[in-house]
Amino acid sequence: MLDTPSLKFVRDPHPSPTPADKRTALLANPGFGRVFSDYMVTIRYSEGKGWHDARIEPRAPIAMDPAAAGLHYAQEIFEGLKAYKTGDGATLFRPQENARRFQQSAERLAMPILPEKLFLEAVDQLVSIDRDWIPDGDGSLYIRPFMFANETFLGVKPSSEYLFIVVASSVGAYFKSATDAVSVWVSQEYTRAAPGGTGAAKCGGNYAASLLAQAEATRHRCDQVVFLDAVERRWVEELGGMNVFFVFNDGSMSTPPLGGTILPGITRSSLLTLAKDKGIAVREERYSFDQWRTDAASGRLREAFACGTAAVVTPIGTVRAPTGEFKIGNGGSGTRTDELKTALVDIQRCRAPDPHKWIYRVF
Ligand SMILES: Cc1ncc(COP(=O)(O)O)c(C=O)c1O
């Protein structure tokens, strides 16, 4: 596979960037994933030529052939990370990890590997040019790098052409209330990923397959769906878009182990490190849904929380399934959840020392 270590990014100036007053109005209450910045980055790949034509250009619809392979066979991967306003500058949290996971997703989907340096430069360039779109306060600029098969061909095979794009969206809180606990629906009918499948890759197809289960969760008045393993339908794996942790009455914690069916979350990995830093006993260990219910009833389980880039750390208050529902602790947030959330967010927002060198300064 061709590797292009560095490319010159060509900048196409925006003919009509969003006026400042309109941008300010949009940033007042951006919600999640609806307010977009002015620019995007695009890089093309073709067999024989490798990565080429890197551009920073006005964000606009893209022309695609209706027979582009990505539209038919879902050869598509993506990432999600946030840029934070830090004083006069902007910072990212562990973007190298997103670049590496993007490479792993690409490998699983038989796509070309984008060099880490190019991934980082694309993100860096977009955050720099769209710096005015980073909201103040609790908000952030959500960065969405993605890549899809762009060859015009209806045969089922890895595409010979790809388009890598980075767009950015000004966001507030992911859930309506950032402090309230969420309710989760444990899907009995649908699974997310089977051994040997694409569960560890961040590919669009995984999310398409989760939507019906998420709709079922919504129908049962739940915020999110929890998936059990596909083989025994017994072990808790993860939520539709977040990893999960459990906190026990002896002070220890656990999270389901990575094994190919779970997305290796960067928030998950950061929390494992922070917990160890604090001397908390934390295990990567299978936990069954039956045990979850039993431990919640006996009080052995004190807290449970979901974690991911979009919603950071979110307490789980209520667990609902066709067999009934139960509450965790008092149904709200818990001390350990709050403690870990604060520790993580303080590093992300540069309010606390960064002993693991997780912060990447854009400017
Ligand atoms: C299925 C799934 N699990 C877990 C996560 C959490 O990953 P991260 O912490 O890297 O955002 C995400 C979000 O990207 C996800 O989509």
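Numbering of ligands and ligand atoms starts at 1, following listing order.
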**Message:** Please determine whether the number of non-hydrogen atoms from other residues, nucleotides or ligands lying under 6.0 Å from atom CZ of R34 exceeds 12.
**Reply:** no
Query raised in the report: Going by atom types only, do E97 and S269 share a side-chain donor-acceptor pair under 3.5 Å?
Result: no
Indicate the ring-plane relationship of Y287 and F248, choosing parallel, tilted or perpendicular according to the 30° and 60° boundaries. perpendicular
heavy-atom search around atom 11 (O) of ligand 1 in the protein gives T309 OG1, 2.6 Å
Hydrophobic clustering (ILVMFWY, side-chain heavy atoms < 4.5 Å, transitive) - are Y45 and F78 grouped together? no
Does ligand 1 come near enough to R268 that some N or O of the ligand is less than 3.5 Å from an N or O of the residue?
no
Side chain to side chain donor-acceptor pair (under 3.5 Å) with Y162: of E47, Q75, R44, E151, only one passes, and it is Q75
Ligand 1 atoms nearer than 4.0 angstrom to some heavy atom of R101 are 7 (O), 8 (P), 10 (O)
re atom 3 (N) of ligand 1, the protein heavy-atom contact at minimum distance is E238 OE1, 2.6 Å
So for R192 against ligand 1, with non-hydrogen atoms under 4.0 Å, the contacting part is side chain
Q) Can E79 be said to touch ligand 1, with heavy atoms closer than 4.0 Å? A) no
min-distance protein heavy atom vs atom 14 (O) of ligand 1 -> K202 NZ, 2.6 Å
Has ligand 1 got any nitrogen or oxygen that is less than 3.5 angstrom from a nitrogen or oxygen of I266? yes
Exactly one candidate in E325, R221, K327 meets side chain to side chain donor-acceptor pair (under 3.5 Å) with T318; the answer is K327
Does G240 have a non-hydrogen atom less than 4.0 Å from ligand 1?
yes
Closest heavy-atom approach to atom 12 (C) of ligand 1 among G241, S270, G308, A306 is made by G241
G265 heavy atoms within 4.0 Å reach ligand 1 at atoms 7 (O), 8 (P), 9 (O), 10 (O)
Do Y84 and V127 touch side chain to side chain, with heavy atoms closer than 4.5 Å?
no
If we number the atoms of ligand 1 from 1 as shown, the ones under 4.0 Å from a heavy atom of Y207 are 1 (C), 2 (C), 15 (C), 16 (O)
*Mutual orientation of the aromatic rings belonging to F102 and F164 [parallel < 30°, tilted 30-60°, perpendicular > 60°]*: perpendicular
Is atom CG of D12 surrounded by more than 12 heavy atoms (other residues, nucleotides or ligands) closer than 6.0 Å?
yes
Of T267, I262, N98, the residue with the heavy atom nearest atom 9 (O) of ligand 1 is T267
